[in-house]
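Heads up, the thing below is written out as structure tokens.
Just so you know, ligand 1 is whichever comes first in the structure, and atom 1 is the first atom listed for that ligand. Computed from a predicted model, the values in this text were never measured in an experiment.
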Amino acid sequence: MVKTILSQLKEFKLIAITAPLWMVGEVICEMIIPILMGHMVDIGVSGGDMGYIVRTGLFMLFVAVLGLICGCMGGYSRSKAAAGLSRNLRKAMHDNIQTFSFSNIDKFSTSGLVTRLTTDVTNIQNSFMMILSMAVRAPMSMIVAMAMSFYLSPRIATVYLIAVIFLMLVIGLFMKSTMVYFKQVFEKYDKLNESVQENVSAIRVVKAYVREEHEDNKFEKAATAIYSMFVKAEKRVAIAGPLMMFTVYSCILLISWMGAHMIVAGSLSTGTLMSLLTYCMNILMSLMMVSMVFVMITMSEASARRVSEVINEKSDLTDPDVPVYEVKDGSIVFDHVDFAYDRNADEPVLKDINLSINSGESIGIIGATGSAKSSLVSLISRLYDVTKGAVKVGGLDVRDYNMEALRNQVAVVLQKNELFSGSIYDNLRWGNPEATDEDCRWAAKLACADEFVEKMPQGYNTYIEQGGSNVSGGQKQRLCIARALLKKPKVLILDDSTSAVDTATDAIIRNAFIRELPSMTRLIIAQRISSVMECDRIIVMDNGKVADFGSHEELLGRCSIYSEVYESQTGANADADFDEPA
Ligand SMILES: Nc1ncnc2c1ncn2[C@@H]1O[C@H](COP(=O)(O)OP(=O)(O)OP(=O)(O)O)[C@@H](O)[C@H]1O
Ligand SMILES: [Mg+2]
């Protein structure tokens, strides 16, 4: 885990190493000043030597400025290293997420990925900065100050040592109980983000169903859970603070008392006592810093684990060693295919599918909700891998192709489709970045998107809002079809892609395909039999199995599920569908 995180330092490695070195310089300067001050009091002030006071004062100023420079440089290098680390971590995660298969994405929730990319990385950045500044500086400052104190007065230094040991014990005990809460806090962030994400991205649905209050409550619950965890943790931190200060001041008091006695007895000079008091503050403050570093490390440990999980996640779909880049034709074969989303599931979603589709054929797919129509077609462009058997496109197993090449030849208009913020041209060019304006207009015309786009004030340059919120459902579907057509694929899969398009336009789109792209294999999933009845052949899906496969006429004659739905959709009771056969 630590290795994964640190390996992302890359170009910031050098600057990360220099940060503690600058800190060492700062500590040395800080440690020299108390000695100089002691001398100034003992020799200069007591002896009335003004020249010595000025000389020592100037030297002190020089050391202080040097310390300041070291401090500034240290601050700059650690900020730069930490910010750089955070950028690299985000980039590494984002890059890896792009390689994720659909099932990798199913594993991490979207909100989980967002937390990891934002909050978790910020956490790591903060604690890395803290570690760079304190992890070397504090222990070193403590050790040097302790050594100097022993050198100046072993008796008084023993008091420090006892105080330090006592404080360490106290801090250790507090930390142990505090860490437990801090660890839990970050797990709760996922819940919070989940609530925010779901609510905000689906705010229209929330409003339509007047669920604001319910969503509010859900959010409040998540926010309160984080609040109470933080309060529990901070309560302990709050008690620890005053207790430490109490020890620090008791210590100073004790030293002053002992020191006063020793000065009276002549075994200690006033200057040395002043130096000792400064070292005392140094030691105890460093101890506090060390404890803070520990808190930061624990707080970021969970984050580091969550971030490295994303960086190290391997896509479960990989290209073969010698991939094929050319899909020969649009023929599709399912050979004894079983498929389950969860490999450990008892019951597969698709069971023993055997199909053979010729290149250029038009195929309708019809079946009840949940009968696995979408699952069936997702295997063709290898959005998921089969659990058993093989899916072949153009005569070759889909696992033998380069994934990008395969997906460019097998275009899918997904059931749950998205447009992205940008102009209509930008959105269409997702299908083919090299497409000319003319190509885009050709595809839009085939998908019957041209009429409404041309009516828009800025035509094809109209800006589409995030998620396509400023176009209607049917318009969005038509733009998505146009986007897929720009790939000029060998196989086109439309998953319920004309559900929001009226029946007449639906027919025009289908006829345009036959006219303009006759050699393209078409798979059309639909709920309306009218959308598929003209297809060469129709697959009837029933509960993860192929119930029948044949032309409209053949199915009417022999497939009871099909004929019942056909009658219900065309007869007097024309609103039935596959979920409620007449
Ligand atoms: N990403 C997924 N993870 C786990 N299970 C899933 C996933 N997607 C679908 N399923 C399950 O697989 C089964 C088949 O779903 P599928 O989406 O293929 O049905 P469908 O025929 O396309 O339905 P619809 O007509 O409603 O689109 C369902 O029981 C569903 O719960
Ligand atoms: Mg579906």
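Of the protein's heavy atoms, Tyr341 CE1, 3.5 Å lies nearest to atom 12 (O) of ligand 1. The protein heavy-atom contact nearest to atom 26 (O) of ligand 1 is Thr369 CG2, 3.1 Å.
Looking at Val349 against ligand 1, only its side chain comes within 4.0 Å, counting heavy atoms. Under 4.0 Å from ligand 1, the heavy atoms of Asp106 that appear belong solely to its side chain.
Taking the charged nitrogens against the carboxylate oxygens, Arg528 and Asp506 do have a contact shorter than 4.0 Å, which makes a salt bridge. A salt bridge links Arg558 with Asp548; the closest basic N to acidic carboxylate O contact falls under 4.0 Å. Comment: Glu554 does not engage Arg537 in a salt bridge, judged by the lack of any side-chain N to carboxylate O separation of less than 4.0 angstrom. Classification of Lys490 and Glu326 as a salt-bridged pair holds, one side-chain N sitting under 4.0 Å from a carboxylate O. The pair Arg116-Glu309 counts as a salt bridge, with a side-chain nitrogen and a carboxylate oxygen less than 4.0 angstrom apart.
In the candidate list Gln527, Lys373, Glu347, Lys416, Lys373 is nearest to atom 20 (P) of ligand 1, counting heavy atoms. When the options Ser375, Ser103, Ala526 are ranked by their closest heavy atom to atom 16 (P) of ligand 1, first place goes to Ser375.
Taking a distance limit of 4.0 Å, we find that atom 7 (C) of ligand 1 is approached by some protein heavy atom. Under the 4.0 Å distance rule, the nearest protein heavy atom to atom 18 (O) of ligand 1 falls inside the cut-off.
The backbone N or O of Gly367 lies less than 3.5 Å from a partner atom in the side chain of Lys373, making a donor-acceptor pair.
Residues Asn427 and Leu479 have side chains not in contact (no heavy-atom distance under 4.5 Å, counting atoms from C-beta outward).
Under the 4.0 angstrom criterion for non-hydrogen atoms, Gly367 is not in contact with ligand 1. Using a 4.0 angstrom heavy-atom cutoff, Tyr384 counts as in contact with ligand 1.
Inclusion of Thr369 in the first shell of the Mg ion (ligand 2) is not supported: no N, O or S atom falls under 2.8 Å. At a threshold of 2.8 Å, the Mg ion (ligand 2) has a backbone or side-chain N, O or S atom of Gln415 nearer than that distance.
Nearest heavy atom pair, residue Tyr401 against residue Lys328, reads OH-N, 4.4 Å.
Close approach to Gln415 involves these atoms of ligand 1, each under 4.0 Å from a residue heavy atom: 24 (P), 27 (O).
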